[in-house]
Amino acid sequence: MKKFNKWAAMALSISMAITVMSCEKDDEVTTTPPKDALSEYTLLGSQKINNDTWNVSLYMSEDPFVGYNYVAVRVSDAATNTMIEGATVSFMPMMDMGTMMHSCPYESPAYDNTMDAYMGTSTFIMPSGGGTWMFNVMVSNQGEMDTASFSITVMAKAESKLYNFISNVDSSTVYFVALKEPMNPEIGLNNFELMIYKRASMMSFPAVSDLKVEIYPEMPSMGHGSPNNVHPVSMGDGLYQGKVNFTMSGYWKVNVTIMDNTDATLDDMGAFDITLK
Amino acid sequence: MLRNSTLLFFLVAGTLMGQQYEADTVEIDMMILEDAVVIDNWTNEHSIQSSINENTLELQLKKLDGISLISRGTFGQEISYRGQTDGRVQVKLGGMRIYSACTDRMDPSTSYIVANNLKTAELASACKTSCENNGIAGSVNLEMKGPTFDTKQPWHIGLVQEYMSNTNGTNTAFFVENSSSKIAWRLNGAYTQNANYKAGGGVVVNHSQNQKQNWAFNSVYRLKNSQFIKLDFIYDLAQDVGYPALPMDVSQARAVIGGITYSSANDLGPFSRFEVKVYHNDIYHEMDDTQRDDTYMHMDMPGWSRTSGVVLNGYDWKKGKHAVEATAEYYTNFRSAEMTMYPNNDTEPLMFMYTWPDARLNAVALGISDHWKFEKSHINTTLRVDAEHSMIKESFGIKQWEGMGYDMSSPRKFVSTQLSTSFTRMMKKKQSASIAASFGQRAPTTSELYGFYLFNSADGYDYLGNPDLEAEKLLSLELSYDKKDTKYALRATVFVQQYFDYIFGLNTNYDAMTWGAKGVREYHNVPNAIYYGAELNGHYTMNEHWLVSAKANYVRATEGSMNLPLIPPLQGQARIGYMLKKFNAGVQTRMAAEQNKYNADYGDQYTPGYALIDLSVGVKQQLKKVAMSLDVACNNVFDTYYRDHLNWGGIPSLGRNIILSLKVEY
């Protein structure tokens with residue numbers, strides 16, 4: 001009996017110790033410091049405009065690259081440093097190649113409360129080097145209006161996130177296909193999202209939403225694909241959403257076929273290289 | 001009291017010589033061991049059969065009714081019982097569960113025990129099983145030799161040296177045994193190495209070499225006269241093992257297996273004796289293709305399997321005409337296997353995936369067997385329930401499977417029930433007849449649930465598991481007739497087994513992962529499959545000099561109108577043994593009919609029949625306490641080129657093999 005008591009006491013003390021330890025753990029989780037919503041973004045520059053009364057800051061989700069970029073803009077009162085939330089902000093990215101200038105596809109921003117910023121996108125279609133990229137941000141607030149111009153350097157990623165093609169159907173229209181997702185590919189099923197634009201003029205690249213897209217992932221060095229992929233379908237505004245299944249890590253190539261609404265193939269030579277480390 | 005404890009020791013050490021038991025103790029053990037074949041190369045002086053030198057475990061196992069071997073080379077052959085294999089047939093080692101670490105089944109449990117250390121192989125069919133087993137179609141338990149408490153001679157030492165001409169191979173084995181009144185132990189070591197084997201006609205089969213060492217330590221400690229602690233330990237290391245039927249070899253296969261058993265003849269509740277066994281084993285397996293010149297891309301495929309378990313067995317609960325035994329078991333298994341491919345283009349990153357994605361199995365089981373004895377008949381009934389809980393732990397593996405469209409958020413649970421009953425009637429002239437039936441369920445295996453693009457070189461397809469599989473069900477019926485006398489024994493058995501929700505690989509339109517594979521097959525439950533067949537086994541001791549024995553097996557298996565693959569044809573063995581004083585000689589024939597009921601789509605091909613002749617002669621000499629024997633055996637005397645239907649990839653079987661064997665024992 002005595003022996004039993006000793007064991008029981010030991011068991012009790014151990015279980016109490018465990019309980020105490022697990023309580024402590026719970027407390028730790030709840031205390032997380034507040035974070036700047038744009039802390040993961042890269043600040044590309046700040047400018048004072050409108051006679052130095054506004055401070056405009058340009059951010060992108062990472063260093064600008066050829067492809068689909070998330071762009072954030074913050075506008076604040078230069079004197080009081082308070083955020084201006086009610087302004088109208090629009091973009092005009094511009095590539096100056098000396099002999100000619102052109103823009104690229106973009107989505108002008110809207111204010112996003114969760115990010116404390118004006119959020120938009122820009123799909124750069126070529127890297128800096130052939131010319132200079134200027135990223136113009138037009139701000140208009142309470143009848144006043146001015147533009148901030150940021151000189152930015154756009155890099156081409158080792159694995160391109162954008163390709164273009166000339167339509168097989170009319171042999172003239174130039175389309176741009178940008179990979180939106182996956183940016184951080186994982187094993188298994190990934191969202192596969194494309195943005196598709198066409199060139200209407202050197203300054204106008206409207207989204208195209210009435211196409212059919214099929215994807216065929218393969219591992220070129222093994223010669224096999226993967227099952228359970230979902231062809232992207234149009235969600236409007238040039239966005240096509242589907243799923244891609246990476247069954248193992250390594251180098252994958254996702255082949256893309258694009259057709260118009262009569263099933264005529266516009267292009268079937270495009271592909272995205274995606275490497276899973 | 002002394003007598004009692006001696007008796008107990010035999011039970012503990014598991015010596016299976018029936019005549020050593022007292023009549024009433026024998027009952028249960030005899031029933032469990034009804035199908036046990038005593039195979040003993042070391043000490044079985046009375047067995048004329050052993051004069052035919054079966055120097056491999058595989059050849060020994062083939063003596064069991066209904067057993068054939070699936071061969072991917074000469075090493076690590078896999079048991080097929082009545083045409084059914086791993087997952088459906090359970091193979092245990094000394095009562096311990098072992099799950100192989102190789103996704104391609106290159107390392108069956110049978111490879112961890114060597115010929116000179118096998119004491120018995122107990123085989124139980126689905127219908128005549130006991131509560132300790134849960135193989136849906138049958139269970140095999142291999143027992144190692146244990147030490148004996150020998151008060152007259154505390155030390156026993158033995159040495160075997162063998163030479164195999166076919167593979168220019170050697171086998172060196174020894175044992176040391178020591179006992180005192182308290183403790184007895186036995187150490188058995190073996191080292192084997194073989195070069196490539198030659199098929200009939202001298203055709204060299206490349207990539208069939210192997211070498212391995214095996215250490216087994218078994219000891220018994222006597223706590224009291226009625227209580228023992230037994231320790232079993234095996235270390236097995238095979239290296240440079242060639243598998244001619246596969247595109248890869250094995251650079252290393254390592255097994256560490258251990259168990260502790262407490263055995264008591266004191267009461268535990270209603271049971272008059274009981275034992276508790278705790279065991280653990282750790283298997284590592286490394287496939288390797290660096291020895292092959294024709295590989296498309298180099299790849300590594302290591303695999304791990306760790307199994308632990310606790311078993312409580314209660315024996316001899318006697319009440320009236322009933323004798324009951326029961327078992328309670330917990331077992332857990334971790335299995336993982338991965339594949340890393342090295343692209344020919346150095347700038348590309350390595351390719352990696354889990355072929356077994358860190359699969360975890362946890363299970364509890366309860367079983368009870370009742371032996372109900374009447375004057376002229378007995379009824380044996382077994383009920384066992386296994387509750388299995390299976391999941392993938394590794395998030396990479398979970399994502400692989402979610403990518404295939406499965407919901408992996410909750411574990412897979414299976415409750416498998418097995419119920420079997422047999423009725424045996426003793427008749428005149430030492431005859432008996434029995435009828436037995438069973439119903440069983442089994443959870444799918446790791447490969448069937450979670451195997452990710454496992455290449456099967458037999459049919460050339462990659463196999464995908466299916467985490468949504470249902471348990472497989474089996475209904476079996478078995479009729480048998482026995483006639484046993486001191487001079488002869490005859491047994492005839494017919495069986496029919498109907499599977500429901502049979503787990504089988506079906507074609508998909510997926511791309512194969514493996515270079516050169518024909519496609520991908522995915523496991524599904526198909527409505528049913530049927531196996532039926534017959535076994536005949538007999539021996540006749542004419543006089544003290546001559547013994548004749550014969551065995552024949554037949555099985556047929558279909559799924560709808562389709563023949564199932566890897567089903568052995570009609571096979572037989574017959575032997576005549578002769579013994580005169582110190583000399584013995586034997587002639588044996590091994591035969592198989594043609595197999596024309598094959599399934600080409602699943603990797604089979606037509607296999608012609610064959611008949612082989614094996615010869616052996618031996619001499620024994622006793623010099624005081626030292627026993628020596630020299631045996632020469634010649635298997636496949638006429639160097640016939642032949643193939644067993646169960647050889648993967650159509651590889652030929654062993655040609656003429658002359659085995660010289662010298663044994664010295666003190």
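Here the structure is a predicted model, which means the values were calculated and not measured. Chain A is the first sequence line, chain B the second, and so forth, proteins listed ahead of strands; every chain is numbered from 1.
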Practice problem: Let me know if A/Ser221 has heavy atoms under 4.5 Å from chain B in its side chain, its backbone, both or neither. | Solution: both

Self-check item: Nearest-0.5 Å distance that lies between atom CG in B/Asp511 and atom CD in A/Glu218
Solution: 9.0 Å

Quiz prompt | Pair B/Phe352-A/Met248, side-chain contact (heavy atoms from CB on, under 4.5 Å): steps then yes or no | solution = CA-CA 5 Å; B/Phe352 175 87; A/Met248 63 167 93; 5.9 Å; no

Exercise. Check whether more than 12 heavy atoms from other residues, nucleotides or ligands sit under 6.0 Å from atom NZ of A/Lys198, and answer yes or no.
Key: no

Quiz item: So which of B/Tyr296, B/Trp515, B/Phe396, B/Trp401 has the largest heavy-atom pair count under 4.5 angstrom toward chain A?
Solution: B/Phe396

Quiz item: Does CE in A/Met269 sit with more than 12 non-hydrogen atoms of other residues, nucleotides or ligands closer than 6.0 Å?
Solution: no

Quiz prompt | Non-neighbouring partners of B/Thr103 that pass side chain to side chain donor-acceptor pair (under 3.5 Å), sequence neighbours left out | solution = none

Self-check item: Shortest non-hydrogen contact between B/Pro349 and A/Lys277, atoms and distance
Solution: CB-CE, 4.5 Å

Exercise. Taking atom CG of A/Asn184 as the centre, report whether more than 12 heavy atoms of other residues, nucleotides or ligands fall under 6.0 Å from it.
Key: no

Quiz prompt | Gap between atom NZ of B/Lys399 and atom CG of A/Asn245 - 0.5 Å precision | solution = 13.0 Å

Quiz item: Which atom pair, heavy atoms only, marks the closest approach of A/Gly250 to B/Met351?
Solution: CA-CG, 3.8 Å

Quiz item: In Å, rounded to the nearest 0.5 Å, how long is the span from CG of A/Asn228 to CE of B/Met404?
Solution: 6.5 Å

Quiz item: Is it the case that more than 12 heavy atoms not belonging to B/Lys518 sit under 6.0 Å from its NZ atom?
Solution: yes

Quiz item: Got more than 12 heavy atoms from elsewhere within 6.0 Å of CE, B/Met562?
Solution: yes

Quiz item: Between CE of B/Met513 and OG of A/Ser226, what distance do you get to the nearest 0.5 Å?
Solution: 8.5 Å

Practice problem: Write out, in numerical order, the residues from residues 353-362 of chain B with a heavy atom short of 4.5 Å from a heavy atom in chain A. | Solution: B/Met353

Quiz prompt | Shortest non-hydrogen contact from A/Ile187 toward B/Gln400 | solution = CG2-CG, 3.3 Å

Quiz item: Do other residues, nucleotides or ligands put more than 12 heavy atoms under 6.0 Å from A/Asp237 CG?
Solution: no

Exercise. Hey, could you give me the OG1/CG distance between A/Thr247 and B/Leu464, rounded to the nearest 0.5 Å?
Key: 9.0 Å

Practice problem: Please round to the nearest 0.5 Å and tell me the distance separating atom CE of B/Met299 and atom CE of A/Met222. | Solution: 5.5 Å

Self-check item: Sequence neighbours excluded, every pair satisfying salt bridge (Lys or Arg N to Asp or Glu O under 4.0 Å) that has a member inside residues 245-266 of chain A
Solution: A/Lys212-A/Asp263

Exercise. Check side chain to side chain donor-acceptor pair (under 3.5 Å) between A/Thr257 and all other residues, then give those that pass, not counting sequence neighbours.
Key: none

